[in-house]
Amino acid sequence: MIDYAVITSPGERELNEDCIAYKESNGDYAFVVADGLGAHGLGNIASEGACDIVIENIFQIGMEESIQKVQKTLLEEQDKNGLHGKMKTTITVVKINNNHYEQLHLGDSRIYHFGRMKLLEQTKDNSVCQKLVTAGIIGQSEVRHHRDRNKLLNVLGMEWNNETPYTLKKGELHRFEAILMCTDGFWEWITEREMKICLWKSKSAKEWLTMMEEIVLQGGKGNHMDNYSAIVVIYRR
């Protein structure tokens, strides 16, 4: 059994450039979280387009092929309309079939895996700050409020510096393992320890997400809070 819950909010901004999507087909599940980047609402178009294309195609042509299709579409639309660099988006995708999962991410939207009462794994951002963490110049916890935290190195809709800048991973889920997919407007205001504690205390995916959102709102309120979006999944089989 898959238990999941979703949320997306403009935060304290006028426009929500985040987008979420999810779909179930013959027992397979697909979840997508995207954070649009750009100007004059074009980031919103990029994130919505990415979610639509992935959800429409993932069960037919696969995850990587769907992402490549998004990239091709965004670049073509920008070229056609003279909008170079203005229709970009991060992406996280998770597909689950029975106890097998496949995930992909690009940008600074994240995927967290929890199990055995601890954080098992989290994705690494495609960002300047992540480069600083890898080099040992700053700690992972310092990324949240670093002055360069929004400087991304690769996203959908920009020319990539290599053919596959995204990270793809496959694995197995075990009973009661949980996944959190979220944009930076969400993880910026909640620590991994708080995510874990909320999971321990919750009895459902919805309760887990609600408890985390309360913490996010407490931290972000009055700070020109960015859009925030999240999908949580708990594997119960």
Side-chain angles (χ1 to χ4, degrees), residues 8 13 15-21 30-58 60-95 102-111 122-135 137-138 140 143-144 146-170 181-188 226-229:
T8 185
R13 308 291 176 89
L15 178 66
N16 188 359
E17 294 190 299
D18 287 358
C19 185
I20 61 171
F31 304 95
V32 188
V33 174
D35 180 359
L37 313 166
H40 309 296
L42 295 175
N44 181 47
I45 295 173
S47 63
E48 286 187 4
C51 284
D52 288 346
I53 290 172
V54 171
I55 285 296
E56 182 180 345
N57 292 278
I58 191 168
Q60 287 74 42
I61 65 175
M63 188 174 292
E64 281 194 274
E65 291 80 1
S66 297
I67 292 299
Q68 293 287 351
K69 188 169 185 175
V70 173
Q71 174 71 346
K72 182 175 183 291
T73 300
L74 289 177
L75 291 178
E76 287 178 348
E77 285 298 310
Q78 289 177 92
D79 287 343
K80 184 170 64 177
N81 296 289
L83 299 170
H84 181 69
K86 294 187 176 178
M87 291 175 64
K88 300 179 291 186
T89 183
T90 70
I91 195 83
T92 64
V93 187
V94 171
K95 185 171 73 169
E102 183 177 1
Q103 69 177 48
L104 181 149
H105 95 282
L106 181 65
D108 65 350
S109 296
R110 294 181 179 177
I111 304 173
Q122 75 179 67
T123 52
K124 296 185 184 302
D125 305 333
N126 300 100
S127 68
V128 169
C129 279
Q130 189 63 57
K131 290 283 188 183
L132 296 176
V133 172
T134 302
I137 297 172
I138 64 172
Q140 186 68 51
V143 171
R144 278 183 171 82
H146 195 278
R147 63 181 181 275
D148 293 328
R149 66 185 181 277
N150 295 320
K151 293 183 179 179
L152 303 185
L153 302 176
N154 272 307
V155 291
L156 289 166
M158 68 181 289
E159 295 289 349
W160 293 340
N161 52 27
N162 64 67
E163 289 186 5
T164 55
Y166 49 81
T167 300
L168 181 70
K169 185 177 184 293
K170 299 180 180 181
M181 308 163 64
C182 60
T183 60
D184 64 330
F186 191 92
W187 61 253
E188 182 179 4
D226 197 1
N227 312 150
Y228 65 90
S229 301

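The structure presented is a predicted model; accordingly, all values stated were derived computationally and were not measured. For reference, positions follow the sequence shown, starting with 1.
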Can you spot which of Leu156, Ile53, Ile58 makes a side-chain contact (heavy atoms from CB on, under 4.5 Å) with Ile67?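 Testing each of Leu156, Ile53, Ile58 against Ile67, the sole residue satisfying side-chain contact (heavy atoms from CB on, under 4.5 Å) is Leu156.
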With Ile20, which of Val32, Val33, Thr92 fulfils side-chain contact (heavy atoms from CB on, under 4.5 Å)?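 Testing Ile20 for a side-chain contact (heavy atoms from CB on, under 4.5 Å) against Val32, Val33, Thr92 leaves exactly one candidate, Val33.
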Enter the distance from [X]:[atom1] to [Y]:[atom2] here, rounded to the nearest 0.5 Å.
X      : Y      : atom1 : atom2 : value
Asn16  : Asp226 : CG    : CG    : 9.0 Å
Lys124 : His105 : NZ    : NE2   : 9.5 Å
Asp79  : His84  : CG    : NE2   : 8.0 Å
Leu106 : Asp125 : CG    : CG    : 10.5 Å
Ser127 : Lys151 : OG    : NZ    : 11.5 Å
Met63  : Gln68  : CE    : CD    : 13.5 Å

So, for [X] and [Y], which heavy atoms are closest and what is the spacing to 0.1 Å?
X      : Y      : value
Thr89  : Ala46  : CG2-O, 3.8 Å
Val155 : Gly107 : CG1-CA, 4.1 Å
Thr8   : Ser229 : OG1-OG, 2.6 Å
Ala34  : Ile91  : CB-CD1, 4.1 Å

Under the side-chain contact (heavy atoms from CB on, under 4.5 Å) test, residues paired with Cys19 that sit two or more places apart: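 Partners of Cys19 under the side-chain contact (heavy atoms from CB on, under 4.5 Å) test: Ser47, Glu48, Cys51.
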Distance-only side-chain donor-acceptor flag, [X] / [Y], under 3.5 Å:
X     : Y      : value
Asp35 : Asn227 : no
Glu64 : Tyr166 : yes
Asp18 : Thr183 : yes

So do the side chains of [X] and [Y] get within less than 4.5 Å of each other, counting heavy atoms only?
X      : Y      : value
Leu75  : Glu159 : yes
Val133 : Val143 : yes
Asn126 : Leu152 : no
Lys131 : Leu153 : yes
Met87  : Ile45  : yes
Trp160 : Gln71  : yes
Lys95  : Gln103 : no
Glu17  : Leu15  : yes

Do side-chain atoms of Gln78 reach the backbone of Gly85 as a donor and acceptor pair under 3.5 angstrom?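 Side chain of Gln78 to backbone of Gly85: a pair is present.
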Between Arg144 (side chain) and Trp187 (backbone), is there a donor-acceptor pair under 3.5 Å?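 Yes: the side chain of Arg144 pairs with the backbone of Trp187.
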Dump the intermediate steps for side chain to side chain contact (heavy atoms under 4.5 Å, CB included) on Gln130 and Gln140, then the final yes or no. CA-CA 8 Å; Gln130 189 63 57; Gln140 186 68 51; 3.7 Å; yes
Could you check whether Lys72 pairs with Glu76 (Lys NZ or Arg NE/NH1/NH2 to Asp/Glu carboxylate O, under 4.0 Å)?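 Result for this pair is yes, salt bridge flagged.
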Go through the steps for Lys88 and Leu74 under the test side chain to side chain contact (heavy atoms under 4.5 Å, CB included), then give the verdict. CA-CA 8 Å; Lys88 300 179 291 186; Leu74 289 177; over 6 Å; no
Should Asn150 and Asp184 be marked as a side chain to side chain contact (heavy atoms under 4.5 Å, CB included) after you check the CA-CA gap, both sets of side-chain angles, and the distance that decides it? CA-CA 9 Å; Asn150 295 320; Asp184 64 330; 3.5 Å; yes
